[in-house]
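Just so we're on the same page: letters track the sequence lines, and every chain starts at 1. Below, all heavy atoms of this structure are taken into account, side chains as well, without hydrogens, waters or symmetry copies. Predicted model, so just to flag it, every value in this text is computed and none were measured.
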Amino acid sequence: MNIPHPAAPRESLSRRWRIRSAVTLISALAIGVTTYASAESMPAPSPNATLTIGIGVDLDTVDPAQQTTTTVQNVIDYGLQTLVAFDTQGKIEPLLATSWATSKDGLTLTFQLRRGVKFQDGTPFNADAVVFCLDRLISGKVRVPIGAGFKSMKSIEAVNPTTVAIHLKHPDPNLVPNLTTTMASIFSPTSATKDGNTPTNIVHPVGTGPYQFTRWSKGSEVVYTRVDDYWGPKPYYKTVDFKIIPEANSREAGLLAGQLDVVMNPPVTDLTSLSSNPAVKVLKAPSDRAVFIAINTAKPPFNNEKVRQALNYAVDKDAIIKNVMFDSVNLMDSPFPSSLSGYCKVGAYRYDPDKARQLLAEAGVKNLKITLGSPTGRYIQDIQFAQAISGYLRKVGIDADVRTMDWPSYVSAILNKNGPFDLHMLGWAPGALDGQTQLQMFTTDTIPPKGLNSSFFSDPTVDKLASEAGLNLDEKTRNQQLCRIQKEVWQQAPWIFLWSQTLILAYNSKITGVSYLPNEKFETMGAHPRP
Amino acid sequence: MSGFLTYLVRRLVAAVITLLGVILVMVLLVRALPGDPARIIAGLQATPEQVEQVRLSMGLDQPVPVQYWRYLVNLAHGSLGTSARFGTSVLSEIAHRLPYTIVLAVFGTLFGAIFGIALGVLAATHKGRWADAFGSMLGVAGISMPVYWLGILLIVLFSVKLRLLPIGGADTLSSLVMPTITLGVFSMAVVSRMTRSTMLDTLDQDYVRTVRAKGVAEWVAVRHALRNAFIPILTVIGLQFGTLLGGAVLTETVFSWPGIGQLLVQSINNRDFPLVQGIVFVFAAMFIVLNIITDLLYSVVDPRVRLYR
Amino acid sequence: MSERREPLLSIKDLRVTFRTRTESVRAVDGVSFDVYPGETLGVVGESGSGKSVTMLSVLRLIPPSTRVVASGQVLFGGKDLLQASKREIRRIRGRHIALIPQDPMTCLDPVLRVGRQVREAIQAHENVAAAEAHRRGVQLLETVGIPEPERHYAQFPHEYSGGMRQRAMIAMGMANAPSLLIADEPTTALDVTIQAQIMDVLRAAQRETRASMVLISHDLGLIAEMADRVVVMYAGHVVESADVQTIFSSPRHPYTLGLIGSLPQTTGNEKWLRPIPGSPPDLADVPSGCPFHPRCFLSRGREICRVTRPELRSLGTGEHRSACHFVAELEGASALPAGELHEGAGR
């Protein structure tokens with residue numbers, strides 16, 4: 001898990017600090033200080049206290065490699081750890097690895113492993129375990145739905161019990177961030193044949209984390225119990241009980257009734273009342289999930305850049321954020337959310353309906369009737385703000401009919417170039433906070449069915465820069481390349497750029513130390529009752 | 001006794017034929033849904049090769065009659081297949097969740113039956129007076145209150161304000177209270193209306209007058225009428241149970257009740273064919289059994305009903 | 001026959017009106033008569049004359065779902081039954097006054113065994129143990145002539161024939177040896193061949209318990225056979241009352257004459273059927289004055305018949321009463337012209 005370890009040596013990646021915007025830096029420092037501070041003032045581990053967390057989805061699988069849903073990953077992260085991990089600001093910290101280095105040709109990544117760490121079943125954490133787990137991600141024998149980030153790995157080798165070498169097919173600056181994701185968790189190979197586990201399907205994960213997976217009542221709850229001989233600082237709570245409560249209103253009720261300590265994503269419409277309730281604390285954790293309206297750039301008149309820009313000017317995003325989203329999201333000022341590596345602030349499409357009409361006239365667009373696709377209940381207030389956007393478009397003379405359907409049908413529809421939607425809403429989170437994954441939204445070789453570039457956007461400059469950046473190990477020049485891509489994409493506007501979501505946590509104000517990670521995860525290792 | 005056995009065998013054979021038909025319809029319907037199931041299961045970020053892999057493993061590359069046949073063969077071996085999404089056996093997924101839904105359906109039906117009959121009898125024996133109007137009002141309210149709204153309302157009242165009951169889950173007996181009420185209220189309304197109208201009918205019958213002429217207390221006469229009214233009421237209760245079995249999704253969602261309704265909706269959204277088919281099959285089988293039991297109950301309640309020779 | 005005895009049951013000016021939203025139906029409109037201990041009183045009239053309603057009202061058995069307004073007095077055992085409390089009425093029903101209802105097909109609870117229902121009649125008034133009640137019930141069934149009473153005790157009503165059901169109803173009526181039996185059309189729903197048997201059973205029952213019986217029927221032959229006295233009803237009124245001989249030999253009301261005259265008669269080889277012209281009035285809209293006047297051969301359109309309702313008046317000998325303005329003109333009439341009356345005619 002992701003407790004900062006002051007004793008471990010910082011790595012050369014400290015240069016990342018400079019890339020962050022001032023605002024993010026200051027808030028990050030503030031949060032970092034408080035987390036650090038509360039970690040320092042944490043009381044001794046309790047023998048029996050339980051922390052009850054209300055989550056909105058049930059686990060589908062507890063096999064790290066097969067993960068698809070952030071919340072599920074969040075839960076199993078309590079018991080599993082990775083070689084490297086993010087801290088609250090998105091900076092990569094050592095965890096099970098103490099240091100790492102890339103070879104000059106970029107084709108070998110070597111990790112030094114932490115000594116004296118044991119798995120929860122008593123077996124030692126060592127290079128063989130790392131090899132076993134990372135190999136699963138590329139062997140083809142295990143289903144890895146989100147395995148794209150590991151494609152560059154060719155083979156993994158145990159050099160000695162505390163050293164692992166990963167051999168790459170090509171240089172990949174994004175492999176290390178991807179190794180922070182839950183899919184790359186290291187679990188006990190010995191456990192892979194016990195307790196119902198098979199090497200291709202884990203049902204009872206045994207990791208190195210401060211808690212261990214104790215019980216999963218399907219549809220009901222998942223229980224984790226603190227590990228007595230955990231190698232790091234022990235959390236206060238003896239048990240963490242994740243209650244599965246799909247209905248947001250019920251979660252909020254549970255918090256207000258004192259039956260839940262922490263809940264994720266209470267109803268956005270109640271944010272105001274929750275924020276002013278002294279018994280409750282609300283935490284809006286910035287995340288990496290961008291929500292946007294993808295424009296089908298293959299369909300006229302949307303192949304005309306002016307039309308796409310016009311759409312961006314036509315929508316009053318600030319007003320929607322305030323009135324429909326209840327200030328629960330952060331406006332995007334780049335195709336990248338601010339938490340991604342390589343993010344650079346590009347600009348703003350201020351609300352300007354006159355400019356929108358002018359651009360539309362220049363493009364020769366009159367009486368446009370289009371369809372705007374939106375899911376229902378998948379993103380915060382999705383169908384609601386789709387209606388709002390349709391209203392704004394109508395004001396500039398575009399008749400946008402909002403259509404919704406169930407998720408699988410929706411996915412089919414948006415991946416089809418001749419599908420029913422001219423515009424559609426989508427959300428996208430790289431998870432590994434890497435800009436490279438974000439680029440999948442804009443490159444030609446990820447156009448469906450090969451990928452998820454659902455705006456069918458294709459620009460040779462962007463393609464060239466993207467493939468170069470993908471192999472560029474020099475952080476500085478890579479970030480420059482990414483910045484150029486962001487500027488280009490922003491200019492060509494394949495999306496109506498909207499916002500990045502926040503993960504909203506509401507918790508009992510008697511508790512302190514509730515924190516988060518910037519990739520839509522909550523974090524309670526430092527949580528304890530307020531003194 | 002042999003008459004009874006023959007009857008049972010006849011019903012079971014009919015049941016099997018019905019189930020075969022149900023499976024066929026289901027197999028066709030599920031595949032008619034828009035969206036590529038293999039892509040949904042494989043995940044949005046899967047490569048085309050991965051999607052194809054999933055398609056093969058789910059047997060979706062085969063023509064539909066072959067899929068239907070394969071399903072039946074599996075069934076004959078006692079297997080409902082493997083969930084495409086979870087990787088676990090469909091039977092085990094269902095076995096985990098179904099008991100919860102059955103418990104909720106039973107309690108909801110009991111609640112609806114007991115209060116429904118009571119209200120209906122009250123209304124019928126006080127026809128035209130305030131008790132009748134009161135019963136009617138409750139009936140209308142029961143049918144009109146949306147399950148979701150009522151559920152949240154109960155939670156706010158009993159969990160948040162009064163701190164009496166848990167907001168959800170299925171840990172303790174008290175977790176059963178609010179979901180039962182939420183589900184049972186609709187059922188109660190339906191049963192009470194049926195009871196009232198049937199009772200009004202039977203209370204007017206000659207044999208009830210004969211009973212009164214014997215000089216017994218009024219409640220004895222009412223009991224006679226109720227016993228005779230029971231067949232249509234029993235039918236309604238049976239139907240309600242069936243409805244509750246299948247329709248508890250909203251209640252289960254609001255109260256985080258780990259039943260099968262939620263699982264069904266999720267599996268449809270995930271295009272998890274084996275799971276969907278398994279659940280529908282189990283439901284169909286339950287309905288058929290329920291029907292047979294109701295028919296048997298008829299013959300117990302009304303001696304004139306002769307199911308078999 | 002004309003001893004001054006205390007009547008067992010005395011109905012005085014009973015009026016029963018059914019109120020619906022649109023109309024008032026005067027089913028019983030000022031009926032008075034007495035029943036003496038040990039006698040059989042026949043109540044005769046067409047359907048809709050109010051005879052059943054009168055007797056049902058005695059026991060307050062009119063279905064509670066109807067809007068019923070009743071006035072008058074029904075005196076029994078020194079109490080006015082119309083004013084009695086629910087509890088008092090329940091004590092009387094089945095115990096002192098028993099009803100043998102009209103249609104044996106629908107009068108038994110189809111889902112309970114017959115024996116159970118007989119037992120219910122017994123246990124309604126006496127704290128009798130189940131076993132003892134069972135024994136008595138079987139005995140009752142035997143008394144009314146049901147063969148293999150033990151076996152039939154355990155059967156359901158749908159396993160009984162019509163005649164057997166009627167016997168069972170009589171058994172239930174007799175269960176507590178009431179002092180008054182009300183038999184409402186006891187043979188109407190039965191086969192002709194069974195009718196005689198049932199009447200025997202009834203007669204035996206009455207003899208055994210020395211009960212009075214009110215025999216309601218539109219079957220004049222039955223009345224002639226069984227009744228000691230007769231009351232004739234029309235459109236909710238009593239139009240004539242007398243002992244049975246007198247009613248048949250010298251009826252003194254145009255309606256009674258018409259009834260008796262409408263009996264199929266055989267004179268030689270002729271069979272006559274002389275129905276009364278017209279049909280009974282709609283009880284929501286009873287004619288003014290004498291209710292029979294539109295069909296009356298005696299009235300001949302005279303005004304008083306149309307305007308004033310005739311009172312039930314004694315005809316000299318005291319027990320014979322008639323409600324007709326022109327009863328004097330009927331002196332000497334025995335039946336409609338061209339008809340003959342035989343003792344026990346009509347069979």
Check your understanding: Out of A98(C), G94(C), P110(C), which one racks up the most heavy-atom pairs below 4.5 Å with chain B?
Key -> P110(C)

Point to revise | Greater than 12 external heavy atoms within 6.0 Å of F107(B)'s CZ | key: no

Practice item. Enter the distance from R227(B):CZ to D109(C):CG here, rounded to the nearest 0.5 Å. Key: 6.5 Å

Study note, to complete from the structure: Within residues 75-89 of chain C, contacts to chain B at heavy-atom distances under 4.5 Å involve none

Review point. If every non-hydrogen atom of P101(C) is compared with every non-hydrogen atom of R209(B), which pair is closest and at what distance?
Key: CB-NH2, 4.2 Å

Point to revise | Interatomic distance, T210(B) atom OG1 to D103(C) atom CG [nearest 0.5 angstrom] | key: 9.5 Å

Check your understanding: With only heavy atoms counted, which part of V220(B) is less than 4.5 Å from chain C, the side chain, the backbone, both or neither?
Key -> side chain

**Study point:** Validation row: P303(B), H158(C) side chains within 4.5 angstrom (heavy atoms)
**Key:** yes

Exercise for review: Count the heavy-atom pairs under 4.5 Å between each of V216(B), D302(B), N228(B) and chain C, then report the option with the highest count.
Suggested key: N228(B)

Revision key, fill the gap. Minimal heavy-atom distance between K214(B) and E120(C), with the atoms involved, is NZ-OE1, 3.1 Å

Exercise for review: Identify which part of A121(C) has an atom lying under 4.5 Å from any heavy atom of chain B, answering side chain, backbone, both or neither.
Suggested key: both

Check your understanding: What part of M169(C) lies closer than 4.5 angstrom to a heavy atom of chain B: side chain, backbone, both or neither?
Key -> side chain

Exercise for review: Determine whether more than 12 heavy atoms belonging to other residues, nucleotides or ligands lie under 6.0 Å from atom CZ of F115(B).
Suggested key: no

Review point. Hey, is CE on M286(B) packed in by over 12 heavy atoms from elsewhere, all under 6.0 Å?
Key: yes

Revision key, fill the gap. When rounded to the nearest 0.5 Å, the distance separating CZ of R212(B) from CZ of R60(C) is 12.5 Å

Review point. Closest approach of V111(C) and R304(B), non-hydrogen atoms and distance?
Key: CG1-NH2, 4.4 Å

Review point. From L108(C) CG over to H224(B) NE2, what is the distance, rounded to the nearest 0.5 angstrom?
Key: 10.5 Å

Check your understanding: Is there a donor-acceptor pair closer than 3.5 Å between any side-chain N or O of T106(C) and the backbone N or O of D206(B)?
Key -> no

**Study point:** Pairwise ring-ring contact (aromatic ring centres under 6.0 Å, His included) hits with a residue in residues 77-129 of chain C, at least two apart
**Key:** none

Exercise for review: Check whether Q117(C) gets within reach of chain B through its side chain, its backbone, both or neither, counting any heavy atom under 4.5 Å.
Suggested key: both

